[in-house]
Amino acid sequence: MKTYAGIPEENASLENSKVVLVTVPYDGTSTWGKGADKGPELFLDASENMELYDIETGTEPYLEGVYLAGEVSENSTPEAMTEAVYQKTKELLATDKLFTLFGGEHSVSIGSIRAVGEKFENLTVLQLDAHTDLRPEFHGSTSNHACAVFEANQKHNLVQVGIRSMDVEEVEYLPEGRVFFAHEIANNDNWVNDVLEKVSGNVYITIDLDAFDPSIAPSTGTPEPGGLQWYPTLELLRKVFEKCNVVAFDIVELMDSAYSKPSAFLAAKLYYKMLAYYHINKD
């Protein structure tokens, strides 16, 4: 039996786990770098080579259990994939465990955010990303990676962090007062607290790895210069988990390439850190 991070089977059963993890190896709509469909495999491999004691929190999050809930492999059309992710998310939300997802490109988040938003009222979607992803449709589909949070912005409180690339057509859809552009973050020592003021209640966190600077996460579909750094990002995430009720999160856009190992290990550590922050605020 393959388990998350190679943890003992007793910590990996649905019954004994407080966290469920579904993977979506999908790369159907990316428009530049290809290989995000290999992201979940790279992430799981890196996780197996990670030390499971978290120094910062003094905890071993895996002891709370992580259940590998399989993968969503539907890839016939972007719309079919979105529906399959939506149905899988609904199924796993019924277990009342923390729902987590690893992509795949960012379009995989559309279905999971939709399902989480149906279960939890007053939802804030916290998006860490280089791109706004606010197009109503792209290349003939509303389930494109460029549309990843358009629906979330229409239905929920969307907060965007790390943005440094967008199309002019997306300007009209920007969530007013809730976009933290990377160039502004670079000159604002208080940016973490400014973001926290906009985030409250039930929270879904969606992290596109291109939110990070390519110096630390080079293997993404569209790396953009001027991105987020590791420790300030962890500070933000830690404080969000302290303040809010994080009900789900996803990490997407890890791409297979010659430079994939550093990015895969960052993704593995990021996921595990978020589990640590979640559990210390639930105990």
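Lys155 places no side-chain N or O within donor-acceptor distance of the main-chain N or O of Arg114, the cut-off being under 3.5 Å. Under a 3.5 Å cut-off, the side chain of Asp37 and the backbone N or O of Asp27 do not form any donor-acceptor pair. Not one N or O on the side chain of Gln127 forms a donor-acceptor pair closer than 3.5 Å with the backbone of Gln160. Without hydrogens or angle criteria, Glu105 side chain to Gly28 main chain gives a donor-acceptor distance under 3.5 Å. Looking only at distances, a side-chain donor or acceptor of Ser263 sits under 3.5 Å from a matching main-chain atom of Ser219. Without hydrogens or angle criteria, Arg164 side chain to His183 main chain gives no donor-acceptor distance under 3.5 Å. In this structure a side-chain-to-backbone donor-acceptor pair under 3.5 Å is present from Thr124 to Ser200. The closest donor-acceptor contact from the side chain of Thr220 to the backbone of Leu254 lies at 3.5 Å or more, if one exists at all. Although no hydrogens or angles enter the test, the distance criterion places no donor-acceptor pair under 3.5 Å between the side chain of Tyr62 and the main chain of Pro8. When atom types are taken as modelled, the side chain of Asn153 and the backbone of Leu158 share no donor-acceptor pair closer than 3.5 angstrom.
In Asp189, the CG atom is not crowded: 12 or fewer heavy atoms of neighbouring residues, nucleotides or ligands sit closer than 6.0 Å. The local environment of OH in Tyr259 is sparse, with at most 12 non-hydrogen atoms from other residues, nucleotides or ligands closer than 6.0 Å. Sparse packing is recorded around CD of Glu41, with 12 or fewer heavy atoms of other residues, nucleotides or ligands lying under 6.0 Å away.
Ile207 is connected to Met50 through a chain of hydrophobic side-chain contacts under 4.5 Å among Ile, Leu, Val, Met, Phe, Trp and Tyr, so both are in one cluster. In the hydrophobic cluster analysis, where Ile, Leu, Val, Met, Phe, Trp and Tyr join through side-chain heavy atoms closer than 4.5 angstrom, Ile55 is grouped apart from Phe241. Residues Leu14 and Leu92 fall within the same hydrophobic cluster, defined by Ile, Leu, Val, Met, Phe, Trp and Tyr side chains chained together at heavy-atom separations under 4.5 Å.
In this structure the side chain of His156 never reaches within 4.5 angstrom of the side chain of Tyr204, judged on heavy atoms. You'll find the side chain of Asp54 stays beyond 4.5 Å of the side chain of Leu275, heavy atoms only. Contact check for Leu128 versus Phe212: no side-chain heavy atoms found under the 4.5 Å cut-off. With contacts defined as side-chain heavy-atom distances shorter than 4.5 Å, the pair Pro136/Tyr173 qualifies. In this structure, the side chains of Leu44 and Leu68 come closer than 4.5 Å at one or more pairs of heavy atoms. Contact check for Arg238 versus Glu56: side-chain heavy atoms found under the 4.5 Å cut-off. Between Trp191 and Leu236, the closest side-chain pair of non-hydrogen atoms falls below 4.5 Å. Lys18 has its side chain out of reach of Leu98: every pair of non-hydrogen atoms, C-beta onward, lies at least 4.5 Å apart.
Here CZ of Phe180 is found 6.0 Å from CG of Asp194. Values are rounded to the nearest 0.5 Å. Taken from CD1 in Ile205 to CD1 in Ile251, the straight-line distance is 9.5 Å, to the nearest 0.5 Å. Of the inter-residue distances, the one linking Leu42 atom CG with Ser260 atom OG reads 5.0 Å to the nearest 0.5 angstrom. Distance check: Lys88 NZ to Leu93 CG gives 11.5 Å after rounding to the nearest 0.5 Å. Taking CD of Glu91 as the start and OH of Tyr86 as the end, the distance is 13.0 Å to the nearest 0.5 Å. Remark: Thr206 OG1 to Asp250 CG distance equals 3.5 Å, nearest 0.5 Å.
Of the listed residues (Leu126, Asn202, Val203), just one forms a side-chain contact (heavy atoms from CB on, under 4.5 Å) with Cys244, and that residue is Val203.
Side-chain atoms of Ser143 and Thr82 form a donor-acceptor pair, as typed in the model, at a separation below 3.5 Å. A side-chain N or O of Ser76 and one of Glu74 form a donor-acceptor pair less than 3.5 Å apart. A side-chain donor-acceptor contact under 3.5 Å links Ser141 and Glu79. Donor-acceptor pairing under 3.5 Å is lacking for the side chains of Ser107 and Asn144. In this structure, a donor-acceptor pair under 3.5 Å is absent between the side chains of Glu15 and Ser13. Judged purely by distance below 3.5 Å, without hydrogens or angles, the side chains of Glu83 and Gln87 pair a donor atom with an acceptor atom.
Screening residues 118-145 for salt bridge (charged side-chain N to carboxylate O under 4.0 Å, His left out) gives Asp96-Lys119, Arg135-Asp167, Arg135-Glu169, Arg135-Glu170 as the qualifying pairs, with residues at least two apart or on separate chains.
A salt bridge is absent between Glu64 and Lys97: the closest approach of a Lys/Arg side-chain nitrogen to an acidic carboxylate oxygen does not fall below 4.0 angstrom.
Between Tyr4 and Tyr271, the ring center distance clears the sub-6.0 Å criterion.
By the salt bridge (charged side-chain N to carboxylate O under 4.0 Å, His left out) test, Lys243 is found to be paired with no residue, residues two or more places apart in sequence or in another chain being considered. By the salt bridge (charged side-chain N to carboxylate O under 4.0 Å, His left out) test, Glu235 pairs with Lys239, sequence neighbours left out.
When all heavy atoms are compared, the tightest approach of Gly117 to Leu123 is CA-CD2, 3.8 Å.
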